[in-house]
Amino acid sequence: MWSRWSRRADWGAPARSTPLEELGLLAVDMETTSLDPRTGKIVSIGWVPVNGGVIDLSGAGYTVVRGAKVAEDAHVHLLTQEVIDAGEEREVAMKQLRKALNGRALLAHFAPVEVGFIEAASKEIFGQVPRLSVVDTFAIERRHMERMGTYPRGEDLRLPRVRARYGLPRYGNHNALSDALACAELYLALRGSTRAVTLGDVAKR
């Protein structure tokens, strides 16, 4: 995986000692043609900032990325080929995401997907992969359930299922922006189930 590549760029990731109340995160979701960044393409990217315990919708962003062929999967991504062909070039989209991520930790639900595609695209576009701090709501909830003596199956950790357990409203699936917002809301709900104080307490790496 790209994460082993030696040249890493500083995207201003916050220190692991940063208190959660002062932590800036960026909830990110990507719609992709597969889960493997070596073969899949990014279809769309959505992001929502979280400042301490507050979601900042004024900083939210969404972009459709040109290049994917989704004629057979249009029902999954809810985007037609015409809309995708009119989207941003991947380089432009990644520069937008890089700017939004600067100084923040990456927040995602099952973060290996987003991390893998960010690293693969960054290696090709910027010649380096970013040094990221990653907070994964999937991993936080899995650890919480295991501490409670419940050993979850895969379905138990899907974003809609976890949100339902915390009394959060149901959103439509497969829109990168609404999924990023759903992840941001879940993170705030999960904080109450942990004793986490700093980024290092919740970071995946």
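For the single chain, residues carry numbers from 1 onward in sequence order.
Looking only at side-chain heavy atoms (C-beta outward), Val48 and Ile55 come within less than 4.5 Å of each other. By the 4.5 Å heavy-atom criterion applied to side chains, Lys123 and Gln128 are not counted as neighbours. No side-chain heavy atom of Ile45 sits less than 4.5 Å from a side-chain heavy atom of Leu177. The shortest side-chain heavy-atom distance between Arg90 and Glu124 falls under the 4.5 Å cut-off. At a threshold of 4.5 Å between non-hydrogen side-chain atoms, the residues Val64 and Leu79 count as touching. For the pair Asp136/Tyr187, no side-chain contact is recorded, criterion being any heavy-atom separation below 4.5 Å from C-beta on. For the pair Thr194/Asp201, no side-chain contact is recorded, criterion being any heavy-atom separation below 4.5 Å from C-beta on. Side chains of Val115 and Val134 form a contact here, defined as non-hydrogen atoms less than 4.5 Å apart.
When hydrophobic clusters are built by joining Ile, Leu, Val, Met, Phe, Trp and Tyr residues whose side-chain heavy atoms come closer than 4.5 Å, directly or via intermediates, Val197 is not grouped with Val202. Connection of Leu23 to Val54 is not established within any shared hydrophobic cluster, with ILVMFWY side chains joined at heavy-atom distances below 4.5 Å, either directly or through further cluster members.
With sequence neighbours excluded, the residues that form a side-chain contact (heavy atoms from CB on, under 4.5 Å) with Phe117 are Met30, Thr32, Pro37, Ile42, Val113. Contacts of Ser44 classified as side chain to side chain donor-acceptor pair (under 3.5 Å), with partners at least two apart in sequence or in another chain: none. For Glu141, the side chain to side chain donor-acceptor pair (under 3.5 Å) criterion is met by Arg165, Tyr166, not counting sequence neighbours. With sequence neighbours left out, the side-chain contact (heavy atoms from CB on, under 4.5 Å) criterion links Val92 to Glu88, Glu89, Gln96. Judged as a salt bridge (charged side-chain N to carboxylate O under 4.0 Å, His left out), and not counting sequence neighbours, the contacts of Glu91 are Lys95. In terms of the side chain to side chain donor-acceptor pair (under 3.5 Å) criterion, residue partners of Ser58 (sequence neighbours excluded) are, by chain and number, Asp56. Residues that satisfy the side-chain contact (heavy atoms from CB on, under 4.5 Å) test with Arg131, not counting sequence neighbours, are Arg8, Asp10. Qualifying side-chain contact (heavy atoms from CB on, under 4.5 Å) partners for Glu155, counting only residues two or more places apart in sequence or in other chains: Arg158, Arg161. With sequence neighbours excluded, the residues forming a side chain to side chain donor-acceptor pair (under 3.5 Å) with Glu21 are Arg191, listed by chain and number.
Every pair passing ring pair (Phe, Tyr, Trp, His ring centres under 6.0 Å) that includes a residue from residues 85-116 is listed here, sequence neighbours excluded: His109-Phe138, Phe110-Phe138.
Here the closest non-hydrogen pair linking Thr137 and Cys183 is OG1-SG, 3.8 Å.
Judged by distance alone, the side chain of Asp29 and the main-chain N or O of Gly46 form no donor-acceptor pair under 3.5 Å. Although no hydrogens or angles enter the test, the distance criterion places a donor-acceptor pair under 3.5 Å between the side chain of Arg66 and the main chain of Gly87. For Ser122 (side chain) and Ile118 (main-chain N/O), a donor-acceptor pair under 3.5 Å exists by modelled atom type. When atom types are taken as modelled, the side chain of Glu185 and the backbone of Ala180 share no donor-acceptor pair closer than 3.5 angstrom. A donor-acceptor contact shorter than 3.5 Å links the side chain of Arg163 to the backbone of Ala182. With Asp85 contributing its side chain and Glu82 its backbone, the two residues share no donor-acceptor pair below 3.5 Å.
In this structure, CD on Glu119 lies 6.5 Å from CG on Leu132, to the nearest 0.5 angstrom. If you take CG on Leu168 and CG on Leu190, they are separated by 8.5 Å, rounding to the nearest 0.5 Å. In this structure, CG on Leu186 lies 11.5 Å from CG on Asp179, to the nearest 0.5 angstrom.
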Using atom types as modelled, flag every donor-acceptor pair under 3.5 Å from a side chain in residues 142-151 to any protein atom, sequence neighbours excluded.
none

Per-pair distances, 0.1 Å, donor-acceptor, side chain in residues 98-107, under 3.5 Å, sequence neighbours excluded:
residue, atom, partner, partner atom, Å
Arg104, NH1, Leu25, O, 3.1
Arg104, NH1, Val50, O, 3.4
Arg104, NH1, Asn51, OD1, 2.8
Arg104, NH2, Asn51, OD1, 2.8

